[in-house]
Amino acid sequence: MPCCKTLRTIALALGGRAGARLTDRLATAVSRMTLIRIIRALPEPALQAGPQVLGVDDFALRRGHRYGTILIDITTRRPIDMLDERSADALANWLTDHPGVQIICRDRAGSYAEGAARGAPEATQVADRWHMWRNLGETVERTLAKHRTVLRELPSLTPPTETGEAHTTPARPDTQPPARTGPLAERTRQRHAAIHHLLAQGQDLRAIAAELGLARNTVRRFARAATPEELLVKDGTGRRPRALDAFEPYLRQRWNDGCTNAEQLHQELRERGYRGAPTTVRQYLQPWRSDTTRQPPLPAPPTVRQATGWLLRNPATLTTDEQRHLDALTTACPPLARLYDHVRTFADMMVNRHGHHLERWMATADADDLPELRSFITGLRRDLDAARAGLTLPYSSGPVEGHVNRIKMLKRQMYGRANPDLLRKRVLLAD
């Protein structure tokens, strides 16, 4: 019996191949198929009634094709069941067969909201706070993208260099960046013109999507953009940096010292780990030769993502420079100042569990002319009771997310080829 218990524990913890390698080091060596048979022979835990606090989330059985649902007892943080699909019907049927659930923690997916309402109409649904904060962060990022021109003026606030040298840096040219070109940009402009033409004729989003063969969310995104350039603001994202960028401070110092010979600089860089060709160094230095009195480069303007972090982070964690940039940003752009006030009020309401203030916050924020924030508020109104409960009760979907991450680990451990029944046993029965 002790040997069987040991093999059962190894099988549930490590699976077939890894478990078999471990048993080779122990007194009893078994094959991977034996360990898998041990797992499949284990009885599932009996569950007559549902837990008082239930956590619900989806996970990928085959990413992009098939998804299941994991159910967690939030009180004990243990998985209690797995469903082969993530539909509202599956959740509603499970709740009907397992009465007694009083609180349901979920994300903001509509299918789980519908299934919980049908299967346990008396239960309190709790929308996860992390998902609400993430949605608000996406709203802030979209708003900053519309006002990104303000960010170009912020580098002047960068403190002087540590050497204390007084030097004047030329002002950044007050010009707009060149318009994007290429097939994607041209297609975006054509679609924007077509969608706004049909909107002017009085057609709704559903009819436009059907006529143009586009998804309704795509049509909605184009309809919200006043110009096609708002949809083309992410040009260059993900571009790989040049290898010489890491050596630019050294090159700048040697250039200012009077060394302008590309071959000599290449030899010096090789001693510091550079593996590129001399031609690359020569091409990198070519723009510098057009201005022998070249000033130190202007600091890059803050990105939309960086500015989003300033607005979302706890003010106590901001550096002095970040706080100075944030103050300048909100002073130069009143809409962003109002947005920042709403974000801080929402954060205080979320941290201190003042969910009863949610409707007042929504009314105040909705009065401002901030379309992106208004879209976030519309989503909250569709899920008002669950959002209010999420900002009031101490429960969240954190334990559920942890088990979803554990399922990903188990799938990788089984090389992604485990049948659902085997995965189910390992999820439900492992310690």
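Under the ring pair (Phe, Tyr, Trp, His ring centres under 6.0 Å) criterion, H192 pairs with H196, not counting sequence neighbours. Evaluation of the side chain to side chain contact (heavy atoms under 4.5 Å, CB included) rule for T378 yields R382 as partners, not counting sequence neighbours. With sequence neighbours excluded, the residues that form a salt bridge (Lys or Arg N to Asp or Glu O under 4.0 Å) with R40 are D421. The side chain to side chain contact (heavy atoms under 4.5 Å, CB included) check on D327 picks up Q323, with sequence neighbours excluded. D383 meets the salt bridge (Lys or Arg N to Asp or Glu O under 4.0 Å) test with R106; sequence neighbours excluded. Here Y274 pairs with F247 under the ring pair (Phe, Tyr, Trp, His ring centres under 6.0 Å) rule; sequence neighbours left out.
Separating the CG atom in L336 from the CG atom in L329 is a distance of 5.0 Å, to the nearest 0.5 Å. Atom CG of D84 and atom CG of L61 lie 7.0 Å apart (nearest 0.5 Å). Interatomic distance, W310 CH2 to D321 CG, rounded to the nearest 0.5 Å: 7.5 Å. A distance of 4.5 Å separates CD of Q190 from CD of E186, quoted to the nearest 0.5 Å. In this structure, S31 OG and D24 CG are separated by 10.0 Å, a value rounded to the nearest 0.5 Å. For the atom pair CD of E141 and OG1 of T139, the computed distance is 10.0 Å after rounding to the nearest 0.5 Å.
In this structure, R424 and L429 have side chains that are not in contact, with every pair of non-hydrogen atoms separated by 4.5 Å or more. Residues L71 and L91 are in side-chain contact: their nearest non-hydrogen atoms beyond the backbone lie under 4.5 Å apart. Side-chain contact check for F59 versus M82: some heavy-atom pair is nearer than 4.5 Å. The shortest side-chain heavy-atom distance between L54 and P51 falls under the 4.5 Å cut-off. Residues I38 and V30 fail the side-chain proximity criterion, which asks for heavy atoms closer than 4.5 Å. With contacts defined as side-chain heavy-atom distances shorter than 4.5 Å, the pair D107/R134 does not qualify. Proximity of D369 to P335: side-chain heavy atoms (C-beta onward) are nowhere separated by under 4.5 Å. Residues L373 and L339 form a side-chain contact, since some pair of their non-hydrogen atoms from C-beta on lies under 4.5 Å apart.
Across every non-hydrogen atom of L205 and A223, the tightest pair is CD2-CB, 4.2 Å. Nearest approach of R78 to L428, heavy atoms of both residues: NH2-O, 3.6 Å. Here the closest heavy-atom approach between residue G15 and residue Q413 is recorded as N-OE1, 4.1 Å. The minimum heavy-atom distance linking C333 with H147 is given by the pair SG-CD2, 3.4 Å. Contact detail for L7 and L35: the closest heavy-atom pair is O-CD2, 4.0 Å. Between V343 and L311, the closest heavy-atom pair is CG1-O, 3.5 Å.
With hydrogens and angles disregarded, no donor-acceptor distance shorter than 3.5 Å links the side chain of R216 to the backbone of R206. Judged by distance alone, the side chain of H325 and the main-chain N or O of L151 form no donor-acceptor pair under 3.5 Å. A donor-acceptor distance shorter than 3.5 angstrom exists from the side chain of N93 to the backbone of D89, with no hydrogens or angles considered. At least one donor-acceptor pair under 3.5 Å links the side chain of R426 to the backbone N or O of A13. Counting only distance, with no hydrogens or angles, the side chain of N352 and the backbone of H354 share no donor-acceptor pair below 3.5 Å. Distance alone, capped at 3.5 Å, places no donor-acceptor pair between the S397 side chain and the V400 backbone. No side-chain donor-acceptor contact under 3.5 Å links R108 to the backbone of N135. One N or O on the side chain of T69 and one on the backbone of E85 form a donor-acceptor pair closer than 3.5 Å. Between the S375 side chain and the P371 main chain, no donor and acceptor come within less than 3.5 Å of each other.
Sparse packing is recorded around CD of Q52, with 12 or fewer heavy atoms of other residues, nucleotides or ligands lying under 6.0 Å away. Annotation: R272, atom CZ; neighbour count of heavy atoms from other residues, nucleotides and ligands within 6.0 Å is above 12. Counting heavy atoms of neighbouring residues, nucleotides and ligands inside a 6.0 Å radius, atom CD of Q201 exceeds 12 of them. The environment of CZ in R353 is crowded: more than 12 heavy-atom neighbours from other residues, nucleotides or ligands sit within 6.0 Å. At most 12 non-hydrogen atoms from other residues, nucleotides or ligands lie less than 6.0 angstrom from CZ of R63. Atom CZ of F376 sits in a crowded spot, with more than 12 heavy atoms from other residues, nucleotides or ligands closer than 6.0 Å.
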Inset, instruction - Run the numbers on T392 and H356 for side-chain contact (heavy atoms from CB on, under 4.5 Å), then give the verdict. - result: CA-CA 7 Å; T392 304; H356 55 282; 5.6 Å; no

Inset, instruction - Show your reasoning for whether side-chain hydrogen bond (donor to acceptor under 3.5 Å, both in side chains) applies to R152 and T149. - result: CA-CA 6 Å; R152 301 194 186 108; T149 54; 5.1 Å; no

Inset, instruction - Test side-chain hydrogen bond (donor to acceptor under 3.5 Å, both in side chains) on Y112 and Q125 and set out the steps. - result: CA-CA 10 Å; Y112 288 146; Q125 298 188 38; over 6 Å; no

Legend entry - Chi angles and distances behind the side-chain contact (heavy atoms from CB on, under 4.5 Å) call for V140, Y340: CA-CA 9 Å; V140 171; Y340 182 59; over 6 Å; no

Inset, instruction - Mind running side-chain contact (heavy atoms from CB on, under 4.5 Å) on L12 and L42 for me, showing each step along the way? - result: CA-CA 10 Å; L12 290 174; L42 294 174; 3.9 Å; yes

Legend entry - side-chain contact (heavy atoms from CB on, under 4.5 Å) between V281 and L269, worked out: CA-CA 9 Å; V281 178; L269 291 179; 4.2 Å; yes

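For the side-chain contact (heavy atoms from CB on, under 4.5 Å) with I104, the lone residue among V53, V126, L95, T124 that qualifies is L95.
No salt bridge links D57 with R86; every basic N to acidic carboxylate O contact stays at or beyond 4.0 Å. A salt bridge is absent between K425 and E44; no separation between the charged side-chain nitrogens and carboxylate oxygens falls under 4.0 Å. At a threshold of 4.0 Å, the pair R338-D341 does not count as salt-bridged, since none of the basic side-chain nitrogens sits closer than that to a carboxylate oxygen. Using a 4.0 Å cut-off between charged side-chain N and carboxylate O, E372 and R224 make no salt bridge.
Donor-acceptor pairing under 3.5 Å is lacking for the side chains of T308 and R305.
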